[in-house]
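Below is one structure, written out as structure tokens, with a few remarks after it.
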Amino acid sequence: MMKFSIKGLFAHSIKSKFLTVSILLLTIPMIVLGILSFQKSSNSLSELGETNLKNSVEYTVELMNVLNEQVENGDLTLDEAKEKVKLAILGEKQQDHTRPINKNLDLGENGYVFISDNEGNLIAHPTNEGSNLWDKQDIDGKNYAQEYIDHGLNGGGFTYYSYPLPNNPEQIEEKVTYSKAFEDWGWVVVAGTYMIDFNEPANEILQLNLIII
């Protein structure tokens, strides 16, 4: 009886080890594949989102060039041209001094285009038009407005900083902007959104992979 029990335990131990190794051989490649697919998707979506930001700014700057030519030809006043730009990227100013976000510019759930001058004054903005952001800092102490203005004045570039979500001020997320200056008007065009807006589909892929695993 003792021999049988020892033999049975030995067989059970071998079976358990075999099952453990088999499970690991199945799950480890799936986990690695899931992580790699998430990273690839996330990186690709981030690049695509950043391209959309840049294209939106370039489109706005080109619109300003066209309108400025009309101003120089006497077809528009400068104020009329500037207002046309504000209406194109956002919308008409409401009684509460806010402007609607133009949903035709697909920059993610929280993305939009706005305009600053070289001193950080918001010329066109959905909620803070007229305020000054020059000395504003994120939670890491970065003067993000100064940085996107500097990038804009030097041919265009991306700025990354931490900022609260509009619908949840307690949640801090990474925000990205692309900026470029239109020097004839002393304006800097900025398009910005949160990185999570880009990566939401990648997060869904990761969740699906975890469910499958």
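The structure presented is a predicted model; accordingly, all values stated were derived computationally and were not measured.
Between the side chain of T98 and the main chain of Q94, no donor-acceptor pair closer than 3.5 Å is present. When atom types are taken as modelled, the side chain of D150 and the backbone of Q146 share no donor-acceptor pair closer than 3.5 angstrom. Formation of a donor-acceptor pair under 3.5 Å by the E80 side chain with backbone atoms of T77 is found in this model. Judged purely by atom type and a 3.5 angstrom limit, N102 has no side-chain atom pairing as donor or acceptor with the backbone of L90. Of the possible polar contacts, one joining the H151 side chain to the F158 backbone as a donor-acceptor pair under 3.5 Å is found. Here the side chain of D117 pairs a donor or acceptor atom with the backbone of G120 at under 3.5 angstrom. A donor-acceptor contact shorter than 3.5 Å links the side chain of D138 to the backbone of G141.
Qualifying ring-ring contact (aromatic ring centres under 6.0 Å, His included) partners for Y160, counting only residues two or more places apart in sequence or in other chains: none. N118 pairs by the side chain to side chain donor-acceptor pair (under 3.5 Å) definition with nothing, not counting sequence neighbours. Remark: N132 pairs with N121 by the side chain to side chain donor-acceptor pair (under 3.5 Å) rule, at least two apart or across chains. With sequence neighbours excluded, no residue forms a side chain to side chain donor-acceptor pair (under 3.5 Å) with Y148. Remark: E129 pairs with K93, R99 by the side chain to side chain donor-acceptor pair (under 3.5 Å) rule, at least two apart or across chains.
When all heavy atoms of V188 and G152 are compared, the pair lying nearest together is CG1-CA, 4.3 Å. For the pair S56 and A191, the tightest heavy-atom approach, listed with the atom from each and the gap, is CB-CB, 4.5 Å. A pairwise comparison of heavy atoms in G192 and T177 identifies CA-CG2, 3.8 Å as the closest pair.
S179 contributes atom OG, which lies 8.5 Å from atom CD of E147 (distance to the nearest 0.5 angstrom). Between the CD1 atom in I101 and the CD atom in E109 there is a gap of 10.0 Å [rounded to 0.5 Å]. Going from atom CE of M64 over to atom OG1 of T60 covers 8.0 Å, rounded to the nearest 0.5 Å. Interatomic distance, CG of L133 versus OH of Y144, reported as 5.0 Å (0.5 Å rounding). Atom CG of L76 sits about 4.5 Å away from atom CD of Q70, to the nearest 0.5 Å.
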Subject >> W187 vs I123, side-chain contact (heavy atoms from CB on, under 4.5 Å): CA-CA, chis, key distance, verdict >> reply: CA-CA 8 Å; W187 282 7; I123 304 300; 3.4 Å; yes
**OP:** Start with the C-alpha distance between T159 and V176, add both sets of side-chain angles, then the distance that settles side-chain contact (heavy atoms from CB on, under 4.5 Å), and finish with yes or no.
**Re:** CA-CA 6 Å; T159 300; V176 56; over 6 Å; no
**OP:** Evaluate side-chain contact (heavy atoms from CB on, under 4.5 Å) for T51 paired with N55, printing each intermediate quantity in order.
**Re:** CA-CA 6 Å; T51 299; N55 288 343; 3.5 Å; yes
Subject >> Chi angles and distances behind the side-chain contact (heavy atoms from CB on, under 4.5 Å) call for F182, N68 >> reply: CA-CA 10 Å; F182 185 68; N68 194 55; 4.0 Å; yes
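Hydrophobic cluster membership differs between L87 and L67, with clusters built from Ile, Leu, Val, Met, Phe, Trp and Tyr side chains linked at under 4.5 angstrom. By the rule that hydrophobic residues join a cluster once side-chain heavy atoms approach within less than 4.5 Å of another member, W134 and F114 end up as members of one cluster.
A heavy-atom distance below 4.5 Å is found between the side chains of K82 and W185. Residues K180 and V57 meet the side-chain proximity criterion, which asks for heavy atoms closer than 4.5 Å. Contact of the L53 side chain with the L107 side chain is registered, since non-hydrogen atoms from C-beta on lie closer than 4.5 Å. The side-chain heavy atoms of V189 and I89, taken from C-beta on, include no pair separated by under 4.5 Å. No side-chain heavy atom of V113 sits under 4.5 Å from any side-chain heavy atom of Y59.
Side-chain rings of H125 and Y112 approach one another, their centers coming within less than 6.0 Å.
With a 6.0 Å radius and a threshold of 12 heavy atoms from other residues, nucleotides or ligands, K84 has its NZ atom at or below the threshold. Summarising the local packing, CD of Q171 is surrounded by more than 12 heavy atoms from other residues, nucleotides or ligands at distances under 6.0 Å.
I172 forms part of a hydrophobic cluster together with I139, judged by ILVMFWY side-chain heavy-atom separations under 4.5 Å.
For K175 and Y194, the positive end sits near the middle of the six-membered ring, less than 6.0 Å away and at most 45° from its axis.
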